[in-house]
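Not measured: the values here are computed from a predicted model. Numbered from 1 within each chain, the chains take letters A, B, ... in sequence-line order.
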Amino acid sequence: MATTFLPPGTSDITPEEIPQWRFVENAASRIFQLYGYLEMRTPVMEFTELFQRGIGDETDVVKKEMYSFEDKGGRGLTLRPEGTAGIMRSFAGTDVMNGNERRVFYMGPMFRGEKPAAGRKRQFHQIGVENAGGVSTLADAESMAMLAQYLDEIGITGYSLLINTRGSFEDRIAAEVLLREKLSKRSNELCDDCKERLGRNVWRVIDCKNPNCSAIVDELPDITDSFSAESRSYFEEVRGHLDKMGLEYTVDSKLVRGLDYYAHTVFEVTHSGLGAQNSLAGGGRYEVPVPGSKRPVPGVGFALGVERLLMARESLGAENPHLRKLDVYMISLGAAAVDANVIMSMTLRKAGISTVVCGGDKSMKGQMRAANRLSARFALIRGDQELERGVVVCKNMETSEQREIPEGEILEFDFRTRR
RNA sequence: GUGGUUGUAGCUCAGUUGGUUAGAGCGCCUGGUUGUGGCCCAGGAGGUCGGGGGUUCGAAUCCCCUCAUCCACCCCA
């Protein structure tokens with residue numbers, strides 16, 4: 001039936017797909033731990049104010065994409081649209097404020113009320129890392145190195161790493177004034193969206209895809225030149241580390257990113273196998289303002305879109321891990337055999353052997369088919385004859401070989417490695 | 001939010017200029033083997049043709065609305 005009773009932009013992750021999800025998740029956990037990161041889990045919902053302050057009131061994400069609601073106590077809550085704000089909320093007021101590093105990674109669902117398209121869902125999944133309190137150019141470069149190692153590890157090739165600097169917050173404010181001044185002169189030539197952005201969010205004009213806007217932006221002097229010497233040398237240092245590490249990257253002066261908390265280094269990984277949403281991962285250095293905290297929480301991190309990782313892997317024809325097969329399917333002929341098999345199934349499972357007992361009154365043929373469908377390695381068959389003699393018939397489903405095993409010796413047979 | 005695309009069986013899809021009981025492949029069930037799967041053969045079950053309204057003697061087919069899908073814009077992971 002075509003009626004899929006699902007909220008738009010959501011989908012099931014089926015048992016058949018789970019192995020690929022586990023594959024990229026397990027690899028993330030393994031690689032990130034090599035860099036000293038530990039897993040952390042924060043709530044899927046937070047106070048709305050956390051995102052308004054953290055991500056920025058004027059960002060598109062906050063302005064029009066959040067799933068916000070009031071709970072029964074009248075509290076304004078929001079389903080998290082990204083992972084950084086929650087982590088920083090947790091770290092606010094701790095020693096990370098004094099520059100002590102906390103390296104954590106997370107994975108889980110995020111929610112944004114956008115129109116679904118290729119590589120874009122309303123509930124999507126991110127794997128992210130944060131080096132909170134890690135204020136150094138090395139921390140920036142190292143997160144990119146870790147990202148690259150991870151992508152290599154899961155078999156994603158052909159991506160590009162784009163980097164840029166947004167300067168310090170002070171630089172940004174100065175640059176905004178400058179940008180607004182320059183762009184205002186030609187505001188009548190900008191697209192409607194950019195006219196809007198001019199007032200509240202000048203930076204977004206820079207990466208506008210509209211050809212007219214883009215041409216105007218191209219004529220602007222390099223904004224980076226207006227940054228302080230400190231900001232510029234910070235960026236130079238980051239690039240120096242990247243070069244040392246042997247990472248390939250492209251400096252893209254139009255890379256600005258959409259969240260307000262970024263300052264200094266920003267980066268993005270793009271891939272051609274994704275359709276219009278070509279961004280696999282994005283991140284950078286940030287200072288996240290958190291309600292209740294006097295100072296913003298600093299750090300550097302990135303997030304990857306899991307659905308997009310899987311799309312990229314698929315476009316590359318990457319091998320997917322296969323489903324684990326069932327060890328034993330128990331076939332019973334008659335009620336007495338069912339009872340005996342139920343008891344034996346408990347013994348097998350306690351010994352670590354995955355076992356399914358047919359509970360219905362299917363025919364022998366029907367039960368054999370079921371065993372086949374479940375890709376069982378072995379079928380254990382028991383009817384009146386076997387019960388009487390205290391044995392079970394053990395059939396290797398791949399080779400069709402059959403042998404009898406005395407009931408008491410069932411655990412001596414090695415079902416796992418098929419002996 | 002805007003634009004386009006598609007919506008027929010569990011799945012992938014046919015269905016000619018509107019015309020009688022809406023089809024195929026795969027899957028599923030049964031039988032061909034008293035208690036033996038996959039391959040083959042025979043048979044069978046399964047459809048509010050996304051939903052609502054309209055035009056017509058008659059609509060899966062034409063018109064309108066609606067919902068959903070996919071894609072693009074936008075935004076971002």
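A:Arg120 comes within contact range of at least one nucleobase, with a heavy-atom separation under 4.0 Å. Counting non-hydrogen atoms under 4.0 angstrom, A:Gly9 reaches the backbone sugars and phosphates but no base. As judged by a 4.0 angstrom heavy-atom cut-off over every strand, A:Leu259 is placed among residues touching the sugar-phosphate backbone only. Within 4.0 Å of A:Ile381, counting heavy atoms only, lies at least one base atom of the nucleic acid. Note on A:Glu307: nothing from the nucleic acid sits closer than 4.0 angstrom, heavy atoms only. Using a 4.0 Å heavy-atom criterion, one finds that A:Lys115 contacts the bases of the nucleic acid, with or without backbone contacts as well. Within 4.0 Å of A:Glu65, counting heavy atoms only, lie sugar-phosphate atoms of the nucleic acid but no base atom. Residue A:Ala118 is in sugar-phosphate contact alone, with no base atom involved, counting any heavy-atom pair closer than 4.0 Å across all strands shown. Within the 4.0 angstrom heavy-atom criterion, no nucleotide atom of any strand lies near A:Gly128. Looking at heavy-atom distances under 4.0 Å, A:Arg112 makes contact with a base.
Per the geometry, CD belonging to A:Glu58 stands 18 Å off C1' belonging to B:C76, to the nearest Å. Rounded to whole angstrom, the span from the CE atom of A:Met66 across to the P atom of B:C76 amounts to 14 Å. Rounded to whole Å, the distance from NZ on A:Lys209 to P on B:A72 is 13 Å. For the pair A:Phe5 CZ and B:G50 P, the interatomic distance rounds to 19 Å; values are reported in whole Å. Distance CZ (A:Arg122) to P (B:U69): 8 Å, rounded to an integer number of Å. As rounded to whole Å, 16 Å separates atom C1' of B:C73 from atom CG of A:Asn212. The CD-P distance, from A:Gln402 to B:G35, rounds to 15 Å in whole Å. Note: CD1 (A:Ile331) to C1' (B:G37) measures 8 Å, nearest angstrom.
The side chain to side chain contact (heavy atoms under 4.5 Å, CB included) test applied to A:Glu46 returns A:Thr42, A:Pro43, A:Leu50, A:Phe51, A:Arg89, not counting sequence neighbours. Not counting sequence neighbours, the partners of A:Glu176 by the side-chain hydrogen bond (donor to acceptor under 3.5 Å, both in side chains) test are A:Trp203. Partners of A:Tyr286 under the ring pair (Phe, Tyr, Trp, His ring centres under 6.0 Å) rule, at least two apart in sequence or in another chain, are A:Tyr261.
Side-chain contact of A:Asp140 with A:Tyr234: a donor-acceptor pair under 3.5 Å is present, judged by distance alone. Side-chain contact annotation: A:Gln367 with A:Tyr329, donor-acceptor N/O pair under 3.5 Å absent. The closest side-chain donor-acceptor pair between A:Ser29 and A:Gln33 falls under 3.5 angstrom.
For the C1' atoms, the distance linking B:G4 with B:C74 amounts to 15 Å, nearest Å. B:A68 and B:C28: their P atoms are spaced 33 Å apart (whole Å). Taking atom C1' in both B:C71 and B:C63, one finds a spacing of 26 Å when rounded to whole Å.
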Item to check | Contact state string [nucleotides 38-44 of chain B, B base, S sugar-phosphate only, - no protein heavy atom under 4.0 Å] | outcome: B------

Item to check | 5'-to-3' dot-bracket of RNA chain B (Watson-Crick, G-U; under 3.5 angstrom; crossing pairs as [ ]; | other strand) | outcome: ((((.((..((((.....[...)))).(((((.......))))).....(((((..]....))))))).))))....

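Annotation: the span from A:Ser214 atom OG to A:Lys254 atom NZ amounts to 3.0 Å, rounded to 0.5 Å.
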Distance-only donor-acceptor hits, side chain of residues 307-318 of chain A, under 3.5 Å, sequence neighbours excluded:
residue  : atom : partner  : partner atom : Å
A:Glu307 : OE1  : A:His125 : N            : 3.0
A:Glu307 : OE2  : A:His125 : N            : 3.3
A:Glu307 : OE2  : A:His125 : ND1          : 2.7
A:Arg308 : NE   : A:Gly119 : O            : 2.8
A:Arg308 : NH1  : A:Ser279 : O            : 2.7
A:Arg308 : NH2  : A:Gly119 : O            : 3.0
A:Arg313 : NH1  : A:Ile154 : O            : 2.7
A:Arg313 : NH2  : A:Glu319 : O            : 2.7
A:Arg313 : NH2  : A:Asn320 : OD1          : 3.1
A:Ser315 : OG   : A:Ala312 : O            : 2.8

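Proximity of a side-chain donor or acceptor of A:Arg285 to a complementary backbone N or O of A:Gly299 within less than 3.5 Å is detected. Here the side chain of A:Arg172 pairs a donor or acceptor atom with the backbone of A:Tyr262 at under 3.5 angstrom.
For A:Arg373 and B:G27, the shortest distance from a side-chain N or O to OP1 or OP2 is not below 4.0 Å.
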Next on the checklist: Before you tell me yes or no, could you show the steps for A:Asp222 and A:Thr224 under side chain to side chain donor-acceptor pair (under 3.5 Å), namely the whole-Å CA-CA distance, both residues' side-chain angles and the distance that decides it to 0.1 Å?
Outcome noted: CA-CA 5 Å; A:Asp222 190 346; A:Thr224 318; 2.9 Å; yes

